[in-house]
Amino acid sequence: MARIDLVDLAHSYGGNAADPDSFALKPISMTWRQGGAYALLGPSGCGKTTLLNLISGIVTPSRGKILFDDVDITRHSTQQRNIAQVFQFPVIYDTMTVGQNLAFPLKNRGVPKPEIDRRVAEIAGLLDLAPVLHRKATRLTADAKQKISLGRGLVRADVSAVLFDEPLTVIDPALKWELRSKLKALHRALDLTMIYVTHDQTEALTFADTVVVMHDGRVVQAGTPQQLFDKPEHTFVGYFIGSPGMNIVPAEVGGREAVVGGHRIALQRSYDRLPPDAKIEVGVRPEFVEVAAPAPGLLSANIERIDDLGRVRFARVRIGDVKFAARVPQGFSISGNEAGLIFDPGRVHIYSDSRLVEGTA
Ligand code: ATP
């Protein structure tokens, strides 16, 4: 296991090396804790695999350094880095048994047989592979094969980190939930540094203690699932995390007040020094805006439709021309198209050019 430091790390696949805006990975400095469970989350093309491949050594960075426990390994091979990897599709030996597949990475490194047997039994137990340990891998389902791949990634206790690149892609949707929970349990049991790449927020939020959100080649926020939900530092995080995503709407902001679509929203903090040329937006999650009967003093909105998600209902409304989502309280019955909106002032955030602005008390 290792602590991993990225120091001003950046990568360009042959674009203009002098122009960081064209980089697949823009310059980034951050630390990955020893033993941490990380998810690298973002849409297709945002640079997740590039960052993972830089950490594993498949790609050499155009700029910057990577340190494992303070040792500069930027020019080291994947093998020298002692990294285990699990890819989207199973990488296993069909002619070997499940047990032989799991033992392979250990045997390769000359681990003594009793230790191999102990470790294989532990991993097979954790992944529910014990009943098929003596079967040939070739006859198993795609799910079981990917479990073997996961097992092979996790079987070595001495790795610096285990990197997963969308490992549940081939897994049957019904089994995804089970395997996700299993990976989390494996992380607890094995105390390994794990980095898990995905574009699926549910996968990221259920697996990781720290979710690293990427957008357009940049890390826009790294935090616990709760931090990403409560206080998105970038509008992209607000929009990408949560279902529905955060309401992010243009606003005029001054002091403790925001004006949205000609209507006023009270703010808990004061915003007096916003840059005059910046794009100013209000961000508030639909969970923290409540639909109520129209009343004086409440911001008025037109209801366009109600989305019933089973446990919770969200109203899609308009404030002037601005579209908004708001929670419908339990038991509230909607009559007509008019509604009042109640904002939780402590949950209304202000963004300047997409970045969170901390107001003053
Ligand atoms: P996906 O989930 O689709 O794999 P990603 O978030 O992992 O996406 P990357 O694969 O890291 O994103 O790609 C980031 C950017 O770098 C994209 O614009 C992609 O087209 C580009 N890119 C990736 N690999 C190469 C390569 N080998 N040569 C040139 N450009 C590349």
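Predicted model only: the values in this text are computed from it and were never measured. In listed order, ligands and their atoms are each counted from 1.
Listed by first and then second residue, the ring pair (Phe, Tyr, Trp, His ring centres under 6.0 Å) pairs that reach into residues 159-196 are Phe164-Tyr196, Tyr196-Phe207, sequence neighbours excluded. Contacts classified as ring pair (Phe, Tyr, Trp, His ring centres under 6.0 Å) and involving residues 52-84 (residues at least two apart or in different chains) are not found.
Here the side chain of Arg81 pairs a donor or acceptor atom with the backbone of Ile73 at under 3.5 angstrom.
Asp200 and Lys176 are not joined by a salt bridge, as no carboxylate oxygen comes within less than 4.0 angstrom of a charged side-chain nitrogen.
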List below, pair by pair, the N or O atoms of ligand 1 and of the protein that are less than 3.5 Å apart, including the distance to 0.1 Å; reply 'none' if no pair qualifies.
from     : atom 1 : to    : atom 2 : distance (Å)
ligand 1 : 2 (O)  : Lys48 : NZ     : 3.2
ligand 1 : 3 (O)  : Ser44 : OG     : 2.6
ligand 1 : 6 (O)  : Gly45 : N      : 3.4
ligand 1 : 6 (O)  : Cys46 : N      : 3.1
ligand 1 : 6 (O)  : Gly47 : N      : 3.0
ligand 1 : 6 (O)  : Lys48 : N      : 3.1
ligand 1 : 6 (O)  : Lys48 : NZ     : 2.9
ligand 1 : 7 (O)  : Thr49 : N      : 2.8
ligand 1 : 7 (O)  : Thr49 : OG1    : 2.6
ligand 1 : 8 (O)  : Gly45 : N      : 2.7
ligand 1 : 11 (O) : Thr50 : N      : 2.9
ligand 1 : 11 (O) : Thr50 : OG1    : 2.5
ligand 1 : 12 (O) : Gly47 : N      : 3.2

For residues 327-334, dump all side-chain donor-acceptor pairs below 3.5 Å to protein atoms at least two apart in sequence or in another chain.
from   : atom 1 : to     : atom 2 : distance (Å)
Arg327 : NE     : Glu287 : O      : 3.3
Arg327 : NH2    : Glu290 : OE1    : 2.8

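Heavy atoms of other residues, nucleotides or ligands lying less than 6.0 angstrom from NZ of Lys231 number 12 at most.
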